[in-house]
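Inspection log for the structure reproduced underneath, given as structure tokens.
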Amino acid sequence: MAGIYIHIPFCRQKCTYCDFHFSTSFASYRNKMLDCMLHELELRKSELKNEQIETIYFGGGTPSLLTDIEISNFIQKIRKIHSVSKNVEITLEANPDDIREESVSSWKKIGINRLSIGLQSFDDEDLSWMNRAHNSSESLKAVQIAQNAGITNISIDLIYGLPNMDALRWEKQLDLAILLNVSHISAYCLTIEEKTVLYKLVESKKIIPSENEIQAIHFEILQDKLKKAGFIQYEISNFAKEKFYSKHNSSYWKGEKYQGIGPSAHSFDRKSRSWNIANNQQYMSSLSENILPLEIEQLSDKDFFNELLLICLRTIWGVSLEKLAKIKPLSESFTLKLDHLILERKATIENNYLILSPKGMLFADDIAQDLFI
């Protein structure tokens, strides 16, 4: 099985915290970009020739800026050049301000069966300083429109650890999210990335970031509230009702093969990682000459070992100790560290899988790095 990720590098405006690759001034080359991305799919079809496509994911950027015909062109191209599962999961990331009855109806007709809606917050003050293009009432309306149109697989995004966000404000955010009765919630801690507006605001002391201790409290509230509401935390930042895990993102965390199309998109084939150039003009120029605009890194056994640890430990399934041992024999030091994690109740071993506890998930990256070879 394999998944295809399609990175749409267009946005209406730049969010304060965002460091993803996109452009807000794309009107003059929109059509050329989309044609180049379709061409990249064609040029790279041999990479997945023996794979069935189980998931297609439109991310970005803002994929919901595309017309239904533009989205359909990608789906039809993939169906033409690949074997696509009858039960393929096709996800579209959408901003609330792009969700209307007619748009959702069109998306359904062309095959979109999962929506990931970037709400981020139900607080208008938060949305304002984030420079989001929607308000809280549009968020609520967007989810209702999608549900009324018969989309049952809906995910919403929320951000915690915001400046001046206390525990009570975060609890209210979660209460509203639960009342929406969606099947999936992705909740991310606000991170301050260089080259973002937020980074400059923090550097100039116009915004004071929340402390790690407060972010940890928010995370524990998140775990507790969503568990009581019937959500399963199947990955550190992702919570879903039974049978509504994101198939596409789960393939990342399980180390499955995926192909990334578009500028800045990443790919993985279990032996190597590759990534496209994060420059729209150079991306289009290369593909116009039938040159793939990507760099490739071959993974050593050490790289693969550490990568499996890092991504798999974030999940409910954990990491297979048997699989790790086949890559590199587990050292005595590694085993002693496992014993220590179990004594601290940060992890358990079940059927030879190392699985982090809810407490351990607070320290997932640190734990993985401590186990790296």
Side-chain angles (χ1 to χ4, degrees), residues 2-15 18-48 53 55-84 88-100 102-118 133 248 258-267 274-295:
I4 296 178
Y5 171 79
I6 300 169
H7 184 81
I8 306 299
F10 308 150
C11 278
R12 280 197 184 87
Q13 59 195 54
K14 185 178 180 69
C15 295
C18 184
D19 71 336
F20 291 166
H21 175 72
F22 64 90
S23 171
T24 58
S25 54
F26 54 86
S28 63
Y29 61 85
R30 174 185 182 130
N31 293 338
K32 183 179 179 181
M33 171 61 76
L34 298 178
D35 286 344
C36 285
M37 291 172 65
L38 289 167
H39 188 46
E40 185 189 356
L41 271 168
E42 184 73 39
L43 290 178
R44 298 180 64 187
K45 63 183 179 182
S46 63
E47 295 175 15
L48 302 176
I53 305 305
T55 64
I56 301 169
Y57 193 105
F58 290 88
T62 310
S64 53
L65 286 176
L66 299 190
T67 66
D68 53 341
I69 293 174
E70 289 169 337
I71 297 169
S72 181
N73 286 342
F74 283 103
I75 297 172
Q76 294 309 312
K77 168 65 81 171
I78 292 169
R79 289 188 179 279
K80 181 179 178 181
I81 64 178
H82 294 299
S83 171
V84 177
V88 62
E89 175 192 86
I90 307 180
T91 301
L92 179 76
E93 288 185 354
N95 280 351
D97 43 305
D98 292 323
I99 295 178
R100 298 174 296 278
E102 59 271 23
S103 59
V104 178
S105 177
S106 295
W107 294 337
K108 277 190 69 181
K109 287 177 183 176
I110 62 176
I112 301 297
N113 52 28
R114 184 174 184 272
L115 282 182
S116 178
I117 306 176
H248 184 83
Y258 60 89
Q259 183 181 79
I261 300 295
S264 83
H266 285 235
S267 304
S274 64
W275 55 93
N276 285 340
I277 191 167
N279 181 295
N280 289 354
Q281 298 303 323
Q282 290 180 36
Y283 171 87
M284 292 185 292
S285 177
S286 291
L287 282 162
S288 296
E289 298 176 15
N290 294 320
I291 299 170
L292 291 174
L294 54 76
E295 293 185 49

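Treat the numbers as computed from the prediction; the structure is a model and nothing was measured. In this chain, numbering begins with 1 at the start of the sequence shown.
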Exercise for review: Evaluate side chain to side chain contact (heavy atoms under 4.5 Å, CB included) for Ile90 paired with Trp107, printing each intermediate quantity in order.
Suggested key: CA-CA 10 Å; Ile90 307 180; Trp107 294 337; over 6 Å; no
Review point. Going by heavy atoms in the side chains, are Leu41 and Gln259 under 4.5 Å from each other?
Key: yes
Exercise for review: Check Pro96 against Ile117 and note the closest heavy-atom contact, atom names and distance.
Suggested key: CG-CG2, 4.0 Å
Point to revise | Under 3.5 Å: donor-acceptor pair, side chain of Glu40, backbone of Gly262 | key: yes
Review point. Would you say Asn95's side chain and Asp98's backbone share a donor-acceptor pair under 3.5 angstrom?
Key: no
Check your understanding: Ignoring hydrogens and geometry, is there a side-chain-to-backbone donor-acceptor pair from Arg114 to Tyr57 under 3.5 Å?
Key -> no
Review point. Under the 3.5 angstrom rule, does the side chain of Asp68 hit a backbone N or O of Ser106 as a donor-acceptor pair?
Key: no
Practice item. Side-chain contact test, heavy atoms from C-beta onward, threshold under 4.5 Å: evaluate it for Leu38 versus Phe74 and give yes or no. Key: yes
Exercise for review: Check whether more than 12 heavy atoms from other residues, nucleotides or ligands sit under 6.0 Å from atom CD1 of Ile291, and answer yes or no.
Suggested key: yes
**Study point:** Interatomic distance, Glu42 atom CD to Ile78 atom CD1 [nearest 0.5 angstrom]
**Key:** 12.0 Å
Review point. Passes side-chain hydrogen bond (donor to acceptor under 3.5 Å, both in side chains), Asn276 versus Glu295? Steps please.
Key: CA-CA 7 Å; Asn276 285 340; Glu295 293 185 49; over 6 Å; no
**Study point:** Candidate pair Arg100 and Ser105, rule side-chain hydrogen bond (donor to acceptor under 3.5 Å, both in side chains), full reasoning
**Key:** CA-CA 9 Å; Arg100 298 174 296 278; Ser105 177; over 6 Å; no
Review point. Do Thr62 and Ile8 have side-chain heavy atoms sitting under 4.5 Å apart?
Key: no
Exercise for review: Measure the CG-OG distance between Asp35 and Ser288 for me, rounded to the nearest 0.5 Å.
Suggested key: 9.5 Å
Review point. Could you state the interatomic distance from OG1 (Thr55) to CD (Glu89), rounded to the nearest 0.5 Å?
Key: 6.5 Å
Review point. Side chains of Ser267 and Arg44: does their closest heavy-atom pair fall under 4.5 Å?
Key: yes
Review point. Taking the side chain as C-beta and beyond, is there a heavy-atom pair between Leu43 and Leu287 under 4.5 Å?
Key: yes
Check your understanding: So, do Thr91 and Phe58 sit near enough that their side-chain heavy atoms are less than 4.5 Å apart?
Key -> no
**Study point:** Check: Met33 and Pro9 side chains under 4.5 Å, non-hydrogen atoms
**Key:** yes
Check your understanding: Should Leu66 and Leu92 count as side-chain neighbours, where that means a heavy-atom distance under 4.5 Å?
Key -> no
Practice item. Assess whether atom NZ of Lys80 is packed by more than 12 heavy atoms of other residues, nucleotides or ligands within 6.0 Å. Key: no
Point to revise | Chi angles and distances behind the side chain to side chain contact (heavy atoms under 4.5 Å, CB included) call for Glu93, Ser64 | key: CA-CA 7 Å; Glu93 288 185 354; Ser64 53; over 6 Å; no
Exercise for review: Could you give me the CA-CA distance, side-chain angles and deciding distance for Asn73 and Ile75, then say whether side chain to side chain contact (heavy atoms under 4.5 Å, CB included) is met?
Suggested key: CA-CA 6 Å; Asn73 286 342; Ile75 297 172; over 6 Å; no
Practice item. Let me see the working for Ile4 and Leu48 under side chain to side chain contact (heavy atoms under 4.5 Å, CB included), right down to the final yes or no. Key: CA-CA 10 Å; Ile4 296 178; Leu48 302 176; 3.9 Å; yes
Let me have the donor-acceptor pairs involving side chains of residues 18-27, under 3.5 Å, with sequence neighbours excluded, atom names and distances please.
{"unit_1": "His21", "atom_1": "NE2", "unit_2": "Asn280", "atom_2": "OD1", "d": "2.7"}
{"unit_1": "Ser23", "atom_1": "OG", "unit_2": "Ser25", "atom_2": "N", "d": "3.1"}
{"unit_1": "Ser23", "atom_1": "OG", "unit_2": "Tyr29", "atom_2": "OH", "d": "3.2"}

Point to revise | Atom pair CG (Leu34) and CE (Met284), whose distance is rounded to the nearest 0.5 Å | key: 10.0 Å
Point to revise | Rounded distance (nearest 0.5 Å) linking atom NE2 of His7 with atom CE of Met37 | key: 8.0 Å
